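Here is the structure we will look at, set down as structure tokens.
Quick caveat, the model's predicted, so the values are computed rather than measured.
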2 protein chains.
Amino acid sequence: MTAISKAEDTRQRVLDVAARQFRDRGYAGVSLRDIADEAGLKAGSLYYHFRSKDEIVATVLDIGIALVHEAVERAVAALPQGPSPERLLTTAIRQHLQAFLAYSDYTSANVRIFGQLPPEVRRANLPARQRYEALWDAIIDRARAAGTVRNSVDTATFRLFLLGAMNASLEWFDPARGDVDRLARRYADLALHGLLGRPEA
Amino acid sequence: MTAISKAEDTRQRVLDVAARQFRDRGYAGVSLRDIADEAGLKAGSLYYHFRSKDEIVATVLDIGIALVHEAVERAVAALPQGPSPERLLTTAIRQHLQAFLAYSDYTSANVRIFGQLPPEVRRANLPARQRYEALWDAIIDRARAAGTVRNSVDTATFRLFLLGAMNASLEWFDPARGDVDRLARRYADLALHGLLGRPEA
DNA sequence: CCTACCGATCGGTAGG
DNA sequence: CCTACCGATCGGTAGG
């Protein structure tokens with residue numbers, strides 16, 4: 001049984017509220033009074049839990065990456081030895097989409113506002129971003145090592161293409177109405193075989 | 001010779017400055033004083049050219065879509081009759097990326113801040129967005145009609161996948177250092193044939 | 001297109 | 001965790 005202190009509980013509630021508000025109105029569009037109101041405390045009291053607005057947003061950004069990183073890493077590690085490139089990449093794509101959409105307040109806050117943050121705050125989130133990119137590069141290179149991958153496109157370009165396509169789904173896909181697993185199968189099919197399948201020559 | 005009035009010139013300069021600032025700091029992160037300072041006039045004077053902050057941002061959003069729409073539509077119309085699906089889609093992809101990256105202040109302002117705008121402002125930009133999506137759906141369906149397209153993924157899903165991947169390039173691709181045409185060839189190759197090429201069965 | 005200003009709101013702090 | 005407040009800044013307007 002985990003003992004959850006009142007302060008911990010409040011802190012989590014503040015972060016949940018902050019993530020959703022930052023996603024919806026941007027970094028500068030959310031005041032500490034907005035967050036405090038919805039989280040049920042007074043604006044000045046936020047400083048009992050956080051040192052500044054920047055610390056709140058930095059925490060939201062890191063959580064958004066960490067949840068997805070862990071989900072993808074765990075699912076890939078649980079695969080039987082020597083998976084086909086298809087199986088490996090399809091698993092990673094499904095896990096990324098499932099986690100991304102499940103924690104969409106945090107993940108889409110990250111995707112949406114990262115580019116418009118003060119440089120110091122952006123810098124604080126960079127290591128987590130780079131570790132996640134490295135995880136994907138390792139997965140792609142592992143698929144490549146199986147030998148059936150066409151070699152025309154380098155790892156970084158494929159990773160940027162694929163993560164860009166997946167992250168954009170935050171802007172239109174509603175997990176409450178759509179089937180995440182079906183979306184994952186379609187996106188994996190497109191990433192692996194494209195619209196046409198076999199190249200012309 | 002086009003006569004450009006002083007007021008028109010100032011208006012254009014204000015929009016250029018506003019687009020870049022909105023892209024970098026978000027909608028609420030940019031004050032009218034910030035824009036006026038960099039455009040070389042006083043904050044109150046902006047109201048000689050625009051009725052409100054919302055009118056400025058709405059104009060920036062519409063320009064971002066219109067420039068890309070026209071470029072893609074024109075290039076596709078200029079194609080010889082009966083182009084192959086490869087040629088048709090590769091042309092559209094190249095034009096989208098070239099225009100998107102050439103006008104990146106406007107286009108990335110649009111991509112980045114759309115989701116965090118007040119609902120009225122978002123609504124004003126919706127028709128332009130939907131017309132552009134319809135243009136892409138028509139292009140994809142035309143490629144499909146040639147008969148060599150696999151039918152496993154529907155038009156809307158492919159369009160969302162592809163536009164998501166392309167638009168994300170705004171966050172990392174620097175046209176001053178990279179080769180847009182090479183990026184376009186790689187993205188077209190991935191969209192058409194995927195990482196593996198031929199499907200397994 | 002500028003000057004001078006309005007009421008409202010901002011992030012943050014002192015003191016409890 | 002609250003009350004009460006600080007100086008700074010916000011979008012917008014009147015009058016020129």
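- Aromatic ring centroids of B:Tyr132 and B:His96 lie under 6.0 Å apart.
- DNA chain C contains the following stems of three or more consecutive Watson-Crick or G-U pairs, with both distances under 3.5 Å: C:1-16 with D:1-16.
- Sequence neighbours left out, the pairs with a member in residues 165-179 of chain B that pass salt bridge (charged side-chain N to carboxylate O under 4.0 Å, His left out) are B:Arg112-B:Glu171.
- Side-chain N/O atoms of B:Thr155 and B:Asp137 include no donor and acceptor closer than 3.5 Å.
- To the nearest angstrom, P of D:dT9 lies 17 Å from CD1 of B:Ile35.
- The ring pair (Phe, Tyr, Trp, His ring centres under 6.0 Å) test applied to B:Phe158 returns no partner, not counting sequence neighbours.
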TODO: Classify every nucleotide of nucleotides 11-16 of chain D by which part a protein heavy atom approaches to under 4.0 Å, writing B for the base, S for the sugar-phosphate alone and - for neither, in 5'-to-3' order.
DONE: BBB---
Task: Trace of the salt bridge (charged side-chain N to carboxylate O under 4.0 Å, His left out) decision for A:Arg185 with A:Asp181 - done: CA-CA 6 Å; A:Arg185 276 182 273 113; A:Asp181 209 67; 3.6 Å; yes
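- In this structure, B:Lys42 fails the cation-pi test against B:Tyr48, since its NZ or CZ atom is not both closer than 6.0 Å to the six-membered ring centre and inside 45 degrees of the ring normal.
- For the side chain to side chain donor-acceptor pair (under 3.5 Å) test, no residue two or more places apart in sequence or in another chain qualifies with A:Asp24.
- Atom P of nucleotide C:dA8 and atom CG of A:Asp34 are separated by 17 Å, given to the nearest angstrom.
- The stretch residues 63-77 of chain B participates, sequence neighbours left out, in no salt bridge (charged side-chain N to carboxylate O under 4.0 Å, His left out) pair at all.
- Nucleotide C:dT3 holds its P atom 11 Å from the CG atom of B:Leu41, rounded to whole Å.
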